[in-house]
Amino acid sequence: MAGATRNAHAVWEGDLFEGKGVVTLDSSGLGSYPVSWPARTDAEANGRTSPEELIAAAHSSCFNMAFSNGLAKAGNPPTKLTTSAAVTFVPGKGITGIHLTVEGEVPGLDNDAFVAAAEDAKQNCPVSQALTGTTITLSAKLA
């Protein structure tokens, strides 16, 4: 299977604190999304996204793909995996951590085996591997 490259681009206007931007998902054509400094640092995003939210989306979806593949290869394909990713950003420090939370429905698997498989997926997911400079933690349980 040949590799693939995906593309997005961003346009920014103004300085960091008062400026604003737009990120566009070019490869999929799914749309353009406003970004701003307050969306990164305030409790409320107010209809704007941030690099951290985009990383959270990428990480949670990649993790689910890696996890479902690992489970299926071990003979326990999942019925459903629900994963959230919480990416923490601290001004002046950057991204300080990512916490993945997964709950799954996997017939024939006990909770210990589920947690072990989730840990393996966390280590081997390509997005986790790309983010090795960040502490990634995990909570996993069967539904």
Tell me, do [X] and [Y] make a side-chain contact under 4.5 Å, heavy atoms counted?
{"X": "D15", "Y": "W12", "value": "no"}
{"X": "V23", "Y": "S32", "value": "no"}
{"X": "D26", "Y": "H9", "value": "yes"}
{"X": "P78", "Y": "V106", "value": "yes"}
{"X": "P34", "Y": "K20", "value": "no"}
{"X": "T101", "Y": "T83", "value": "no"}
{"X": "Q129", "Y": "N124", "value": "yes"}

Distance-minimising heavy-atom pair for [X] and [Y]:
{"X": "A57", "Y": "S61", "answer": "O-OG, 3.0 Å"}
{"X": "A45", "Y": "A39", "answer": "O-CB, 4.1 Å"}
{"X": "N76", "Y": "G108", "answer": "ND2-O, 3.6 Å"}
{"X": "V127", "Y": "A58", "answer": "CG2-O, 4.0 Å"}
{"X": "A118", "Y": "F63", "answer": "O-CE1, 3.5 Å"}

Can you tell me how far [atom2] of [Y] sits from [atom1] of [X], rounded to the nearest 0.5 angstrom?
{"X": "T82", "Y": "E105", "atom1": "OG1", "atom2": "CD", "result": "7.5 Å"}
{"X": "S36", "Y": "L16", "atom1": "OG", "atom2": "CG", "result": "10.0 Å"}
{"X": "F89", "Y": "I98", "atom1": "CZ", "atom2": "CD1", "result": "13.0 Å"}
{"X": "T49", "Y": "Y33", "atom1": "OG1", "atom2": "OH", "result": "9.0 Å"}
{"X": "M65", "Y": "S60", "atom1": "CE", "atom2": "OG", "result": "9.5 Å"}
{"X": "C62", "Y": "L100", "atom1": "SG", "atom2": "CG", "result": "10.0 Å"}

According to a 4.5 Å side-chain heavy-atom criterion applied to Ile, Leu, Val, Met, Phe, Trp and Tyr, with indirect links allowed, do [X] and [Y] form part of one hydrophobic cluster?
{"X": "F67", "Y": "I136", "answer": "yes"}
{"X": "V87", "Y": "V90", "answer": "no"}
{"X": "L25", "Y": "V22", "answer": "no"}

Using 30° and 60° as the class limits, which term best fits the ring planes of W37 and F17: parallel, tilted or perpendicular?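 Aromatic pair W37/F17 classed perpendicular.
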Please determine whether a side-chain nitrogen of the Lys or Arg among E52 and R40 lies less than 4.0 Å from a carboxylate oxygen of the Asp or Glu.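 A salt bridge links E52 with R40.
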Scan L138, L142, V115 and name whichever one has a side chain to side chain contact (heavy atoms under 4.5 Å, CB included) with V102.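 Only match with V102 under side chain to side chain contact (heavy atoms under 4.5 Å, CB included): L138.
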Could you go step by step and tell me if N7 and T5 meet the side chain to side chain contact (heavy atoms under 4.5 Å, CB included) rule? CA-CA 7 Å; N7 299 297; T5 300; 4.0 Å; yes
Derivation of the side chain to side chain contact (heavy atoms under 4.5 Å, CB included) call for T88 and I95: CA-CA 6 Å; T88 301; I95 294 173; over 6 Å; no
Given S128, which partner from the list Q123, K122, H59 fulfils the side-chain hydrogen bond (donor to acceptor under 3.5 Å, both in side chains) test?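 Among Q123, K122, H59, the one that satisfies the side-chain hydrogen bond (donor to acceptor under 3.5 Å, both in side chains) with S128 is H59.
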